[in-house]
Amino acid sequence: MQKSTGKVRVRFAPSPTGGLHLGGVRTVLYNYLFAKKHDGEFILRIEDTDQTRFVEGAEQYIYDCLKWCGLEPDESPMQGGAFGPYRQSERKLMYHDYALQLIHAGHAYYAFDTHEDLEKMRADFKTTENPSPQYDSNLRTKMKNSLTLSAEEVERNIKEGVPYVVRIKVPANETITFTDLIHHEVSFDSNVVDDKVLLKADGMPTYHLAVVVDDYLMKITHAFRGEEWLSSSPVHILLWKYLFGLDQMPQWAHLPLILGPSGKLSKRDGAKFGFPVYAMNWTDPKTKDFTEGFKEKGFLPGAFINLLALLGWNDGTGQELFSMDELITQFSIERVHKSGAKFDYEKAKWFNHEWIKKSTVEELFPDIKKIFEAKEVVIEEETHFKNIMELVKDRCTLMTDFYEQAIYFFKAPEVLDTEAVKPKWNEAKTDFFETYCAQLHELNVWNVASIEDSFKTLATEKNIKPGELQLPMRIMLVGGKFGPAVFEIAHKIGKSATISRIKTALVQLNK
RNA sequence: GCCGCGUUGGUCAAGAGGUUAAGACGCCUCCCUUUCACGGAGGAAUCACGGGUUCGAGUCCCGUACGUGGUACCA
């Protein structure tokens, strides 16, 4: 079944109807990795055959997401290529010839049933055993189509402009079998496959016809898609057989689904459980419905790709952290799992944390800068700023954490967690800090050692354990129980800020 | 209902007839640190269930249960 010659060509074919979710990006990723590994080409094709579902901006959004992820196609509607157009709506006429070819060969037929006819059929034939009757080899004999009407009637209908669709004529009593790269041999009884519409009344093809025609015309060698397509694959197999021959058919791989806390992952899950589902923020232009993205949540693209790659695949060695290059060399479709994987946000955050830890501040700086600027913090001295980021880097799980983890270096905390120190607060400690402020003021050399030495010496003099004073000191400077070494912080924020923060805090504590 | 696909700890998972059933996340205990992290040492699974096949089954076969996808002139 595999093509003997030619370059590997794969495609991602989304319909531009909304945000790009986790599963979609993973499908892109596996396509991309496979293509790059085999020195092949990755094509982006837009499946916009449903005009009723057109969403403004959705296509551009897909490009933006792919760009952010570093999964840019070799051919696409935007950049073009030798097999264009890459937008199915622009290929409309091409599909007609193939539909006609199928009709002439007796593998498809015209159907004139209206929506009401179909509804009536479903209602009439509905039983408890068969709640959803299909337009199949049995029922098509009871409907209005070119198999039941006379040739004259069919011709007249078409001439008079009676709306029609073209349906595939699925043969009865056949077993349709194909080999999937992930599921291996899969087979279906043709009796349970319905006569799917190939060409809609508006002249547009359905996905079923379009995917086969385009994969052929675009010389796709390997077709990866989500497992939700597995059930309709027999229709595609049949179409390949009738139109181009099974020996021309790409190799299929039906990727396992990514599941949410309760079944198939949906954008609702994200809102409900507080994690992003889309690659980037997306607001539906019509409903204004907003869905959060991994990018804006604070994920690094590398980490996002890394965690997605491992959701359904691993290289068998136990390695979990992979760069894109490593993924390209290590990836193999054979090691993709059969079963769906539940998305675990905690693990996702762990991946990001690891990526932040292994990245240098220099690499992270542009993104961190944007986060601070969005909060209207002006970075005055870049080197100083970077030194501080170095101090807090390991404490950040998400990129957005940098703000909270470092803002107190630039601004005095607005709220102090005084509850953490109040229970053990007393006169002696007030006295200590008042004296300490005076000493700091006199300090000639402002470095970590001098700040720390005078602190400890004074504590000993006052007969208080330094440890009991360190937490208060931290709360005064930081506002909370977190951050790097206190004296390091004092050093970085400078003498006057240190003194003024201590004094401000003293007022609050002694209220 | 019917059809397809799947089923190793809470989650991701290694495992391709013989292992004390890896590892990671999360959780818990402890060490380090008189903050938070980082780092380090530990703790927790009768491999969905029932039948086979086999000297021997998480690994092969059958059934059941459960989950999941499809059952549109949506992709």
Side-chain angles (χ1 to χ4, degrees), chain A residues 13-17 47-50 52-53 88 111 113-115 118 122 126-136 163-167 180 182-183 186-189 191-194 196-208 210-211 225-234 254 256-257 259 261-264 307 310-321 335 337-351 353-354 357 392-397 401 405 417 420 465-475 478 480-486 489:
Chain A
S15 60
T17 53
E47 308 243 344
D48 57 349
T49 55
D50 186 357
T52 65
R53 295 213 302 166
Q88 289 182 331
D113 315 279
T114 62
H115 289 282
L118 292 173
R122 289 186 187 115
K126 185 176 172 178
T127 59
T128 339
E129 298 78 50
N130 185 13
S132 41
Q134 295 188 315
Y135 203 118
D136 58 15
Y164 66 85
V165 300
V166 174
R167 284 179 182 273
D180 184 278
I182 293 166
H183 297 278
V186 182
S187 60
F188 295 83
D189 178 351
N191 293 320
V192 302
V193 179
D194 65 332
K196 285 263 182 293
V197 169
L198 264 22
L199 223 49
K200 302 188 253 188
D202 65 0
M204 279 288 189
T206 58
Y207 171 84
H208 307 293
V211 71
R225 71 210 323 185
E227 206 188 88
E228 69 268 27
W229 289 107
L230 196 53
S231 302
S232 45
S233 59
H254 288 88
L257 265 10
L259 309 171
S262 47
K264 195 183 178 185
L307 73 93
L310 272 284
L311 212 53
W313 171 87
N314 67 77
D315 74 348
T317 68
Q319 181 178 346
E320 294 198 279
L321 265 18
R335 286 196 65 90
H337 292 176
K338 287 182 164 79
S339 52
K342 201 174 280 186
F343 173 68
D344 180 4
Y345 189 49
E346 293 306 318
K347 181 90 185 220
K349 284 192 288 191
W350 173 80
F351 274 106
H353 194 183
E354 292 300 315
K357 282 194 287 179
V392 301
K393 187 164 73 89
D394 288 1
R395 281 158 238 265
C396 298
T397 297
D401 292 342
Q405 288 292 333
D417 181 10
K465 280 189 217 155
E468 289 193 24
L469 296 161
Q470 277 196 32
L471 185 63
M473 171 88 162
R474 170 175 300 281
I475 300 296
V478 175
K481 290 189 278 186
F482 59 95
V486 248
I489 296 168

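FYI, side chains are in, hydrogens and waters are out, and symmetry mates aren't considered; it's all heavy atoms of this structure. To find a chain, count down the sequence lines: A is the first, B the second, and so on, and within it residues start at 1.
Of all nucleotides present, only B:G63 satisfies the Watson-Crick or G-U wobble test against B:C49, with each distance under 3.5 Å. Applying the Watson-Crick and G-U wobble criteria (two distances, each under 3.5 Å), B:A44 pairs with nothing in any strand. Of the nucleotides present, B:C3 is the one that pairs with B:G69 by Watson-Crick or G-U wobble criteria, both distances under 3.5 Å. Base pairing annotation: B:U19 forms no Watson-Crick or G-U wobble pair, as no partner gives both donor-acceptor distances under 3.5 Å. B:A24 is paired with B:U11 under the Watson-Crick or G-U wobble criterion, all donor-acceptor distances under 3.5 Å. Base-pair partner of B:A37: not found among the strands shown (Watson-Crick or G-U wobble, both distances under 3.5 Å).
The distance between atom CG of A:D344 and atom P of B:C25, rounded to the nearest whole Å, is 11 Å. The distance between atom CD of A:Q405 and atom C1' of B:A37, rounded to the nearest whole Å, is 8 Å. Per the geometry, CD belonging to A:Q319 stands 16 Å off P belonging to B:A13, to the nearest Å. As a whole-Å value, the separation of A:L307 CG from B:A13 C1' is 15 Å. Taking atom NZ of A:K338 as the reference point, atom P of B:A13 lies 14 Å away to the nearest angstrom. Atom P of nucleotide B:U34 and atom CD of A:Q470 are separated by 7 Å, given to the nearest angstrom. Atom CZ of A:R474 is separated from atom P of B:A37 by 11 Å (rounded to the nearest Å). For the pair A:F351 CZ and B:G26 C1', the computed distance is 13 Å after rounding to whole Å.
Taking the P atom of each, B:G4 and B:G63 are spaced 11 Å apart, rounded to whole Å. Taking atom P in both B:G58 and B:G51, the straight-line distance is 14 Å, to the nearest Å. Spacing between B:U46 and B:C36 at atom C1', rounded to whole Å, works out to 41 Å. Atom name P, nucleotides B:U71 and B:C62: the rounded distance is 28 Å, in whole Å. Comparing B:A24 with B:C38, their P atoms sit 15 Å apart, to the nearest whole Å. If you take atom C1' in B:G18 and the same atom in B:U59, they sit 11 Å apart, rounded to whole Å. With both ends at atom P, the span from B:C28 to B:G67 equals 30 Å, rounded to whole Å. Rounded to the nearest Å, the gap between the C1' atom of B:A22 and that of B:G15 is 8 Å.
Using a cutoff of 4.0 Å between basic side-chain nitrogens and carboxylate oxygens, A:K347 and A:D344 are not scored as salt-bridged.
Contact between A:D417 and A:G480 at its shortest, heavy atoms only, is CB-CA, 4.3 Å. Here the shortest heavy-atom pairing between A:S232 and A:H208 reads CB-CE1, 3.8 Å. What you find for A:K338 and A:P256 is that their closest heavy atoms are O-CB, 3.7 Å.
Side-chain proximity of A:W350 to B:A24, B:C3, B:A13: nearest is B:A24. Proximity note for A:R335 (side chain, C-beta onward) versus B:G26, B:A14, B:U7: the nearest is B:A14.
By the 6.0 Å and 45° rule, A:R395 does not stack over the aromatic ring of A:F482.
A residue-by-residue look at A:V192 and A:S339 shows that A:V192 has its nearest nucleotide of RNA chain B further toward the 5' end. Both A:L310 and A:F482 lie near RNA chain B, and the one whose nearest nucleotide falls closer to the 5' end is A:L310.
Note on A:H183: a side-chain N or O is less than 4.0 Å away from OP1 or OP2 of B:G6. Using a 4.0 Å cut-off, some side-chain N or O of A:N314 falls inside it from OP1 or OP2 of B:A14. The phosphate of B:G10 (OP1 or OP2) has no side-chain N or O of A:K347 nearer than 4.0 angstrom.
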Nucleotide-resolved protein contact map, nucleotides 66-75 of chain B, B/S/- at heavy-atom distance under 4.0 Å: --SBSBSBBB
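Put simply, the side chain of A:D48 gets close to the backbone of A:Q88: a donor and an acceptor are under 3.5 Å apart.
A:K200 has its side chain within reach of A:T49: a pair of non-hydrogen atoms, C-beta onward, lies under 4.5 Å apart. Residues A:T397 and A:W350 have side chains not in contact (no heavy-atom distance under 4.5 Å, counting atoms from C-beta outward).
Backbone-only contact: A:S187 has heavy atoms under 4.0 Å from sugar-phosphate atoms and none from a base. As judged by a 4.0 angstrom heavy-atom cut-off over every strand, A:G312 is placed among residues touching the sugar-phosphate backbone only.
Taking a 6.0 Å sphere around NZ of A:K481, one finds it holds 12 or fewer heavy atoms contributed by other residues, nucleotides or ligands.
Classification of the A:Y207-A:W229 ring pair by plane angle, with boundaries at 30° and 60°, yields parallel.
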